[in-house]
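Note that the structure is predicted; figures quoted are calculated from it, not measured. Below, each value reflects all heavy atoms present in this structure, side chains not excepted, and no hydrogens, waters or symmetry copies.
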Amino acid sequence: MKVLVAVASKHGATAEIADAIGRTLEQAGLEVAVVDAAEVTTVDPYAAAVIGSGVYAGHWLKAARALVDRNEAALAEMPVWLFSSGPLRDPLKPQDDEAVNVDGIIQMTKAADHRVFAGALDRDKLTFAEKAIIRAVRAEGGDFRDWGEIEAWAAEIVATLRAGESGASPWPFVPT
């Protein structure tokens with residue numbers, strides 16, 4: 001089974017999450033393509049998709065939203081999982097349910113799940129304007145990603161795909 005892992009990442013932290021998800025899927029024997037969302041013109045070659053984006057001001061990056069818009073019909077017919085990365089600290093700030101609004105994207109793709117993962121903030125990678133915003137909101141720098149949580153979620157995706165291959169789980173998924 002060929003699985004697309006597409007990601008929109010501004011400074012690379014979300015792309016590293018996509019890489020970890022891709023590695024877990026590959027280790028389970030799936031054929032995986034981890035691709036920048038801006039480079040995906042069609043999802044037709046894939047049997048399933050995992051799409052993620054960094055979150056800025058509560059929204060996905062334009063490249064991830066555009067991928068979904070371009071491929072809405074095809075994505076609605078395949079198993080899809082979504083992830084967002086951006087909240088910082090433990091507990092996450094802002095909280096999962098406040099961090100990003102992807103309700104429309106979930107409905108368009110009929111995604112099986114949407115997960116919000118903590119992000120990373122490297123001040124050295126930020127623009128002057130981004131640094132000003134970070135100072136204004138007093139955001140802490142650091143890497144808050146939980147790699148065990150990310151890999152466990154990817155393993156859940158593998159289990160669901162395997163169940164679908166055996167006929168134990170019907171497609172398309174109904175969002176929960």
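- In this structure, Asp19 contributes its side chain and Ile21 its backbone to no donor-acceptor pair below 3.5 Å.
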Practice prompt. Could you go through the side-chain contact (heavy atoms from CB on, under 4.5 Å) check for Leu161 and Met1 one step at a time?
Written response: CA-CA 9 Å; Leu161 288 172; Met1 175 180 294; 3.7 Å; yes
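- Of all heavy-atom pairs spanning Val102 and Trp60, the tightest one is CG1-NE1, 3.5 Å.
- Of the inter-residue distances, the one linking Ile105 atom CD1 with His59 atom NE2 reads 10.0 Å to the nearest 0.5 angstrom.
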Worksheet item: When you look at Trp153 and Thr24, which way does the side-chain contact (heavy atoms from CB on, under 4.5 Å) test go after all the steps?
Response: CA-CA 9 Å; Trp153 186 66; Thr24 300; over 6 Å; no
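- Across all their heavy atoms, Ala6 and Ala37 have their closest contact at CB-CA, 4.3 Å.
- From Thr109, atom OG1 reaches atom CG of Leu82 across 4.5 Å, with rounding to the nearest 0.5 Å.
- Looking at heavy atoms from C-beta onward, Met78 lies in side-chain contact with Val43 at the 4.5 angstrom threshold.
- Checked by atom type and distance alone, the side chain of Thr14 never pairs as donor or acceptor with a backbone atom of Ser9 at under 3.5 Å.
- In terms of heavy atoms, Ala47 sits closest to Pro79 at O-CD, 3.2 Å.
- Applying the side-chain hydrogen bond (donor to acceptor under 3.5 Å, both in side chains) test to residues at least two apart or on different chains, the pairs with a partner in residues 41-50 are Thr42-Asp44.
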Worksheet entry | Worked verdict on Arg145 versus Glu16 for side-chain contact (heavy atoms from CB on, under 4.5 Å) | CA-CA 10 Å; Arg145 296 170 292 181; Glu16 291 173 350; 2.6 Å; yes
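- Residues meeting the side chain to side chain contact (heavy atoms under 4.5 Å, CB included) test with Asp146, sequence neighbours left out: Glu149.
- Val68 has its side chain out of reach of Arg65: every pair of non-hydrogen atoms, C-beta onward, lies at least 4.5 Å apart.
- Partners of Glu156 according to the side-chain hydrogen bond (donor to acceptor under 3.5 Å, both in side chains) rule, which considers only residues two or more places apart in sequence or in another chain, are Arg115.
- The side chain to side chain contact (heavy atoms under 4.5 Å, CB included) check on Ala20 picks up Arg23, Trp147, Ile150, with sequence neighbours excluded.
- The shortest distance between side-chain heavy atoms of Thr160 and Trp81 falls below 4.5 Å.
- For Asp69, the side chain to side chain contact (heavy atoms under 4.5 Å, CB included) partners at least two apart in sequence or on another chain are Met108.
- Side-chain atoms of Ser53 do not come within 3.5 Å of backbone N or O of Ser84 as any donor-acceptor pair.
- With rounding to the nearest 0.5 angstrom, the CG atom of Leu61 is 12.5 Å from the CG atom of Leu67.
- In this view, Ala18 and Val5, Val7, Val34, Phe83 satisfy the side chain to side chain contact (heavy atoms under 4.5 Å, CB included) rule, not counting sequence neighbours.
- A 4.5 Å side-chain heavy-atom check between Leu25 and Val158 finds at least one atom pair inside the cut-off.
- In this structure, Lys62 places its NZ atom where only 12 or fewer heavy-atom neighbours from other residues, nucleotides or ligands lie under 6.0 Å away.
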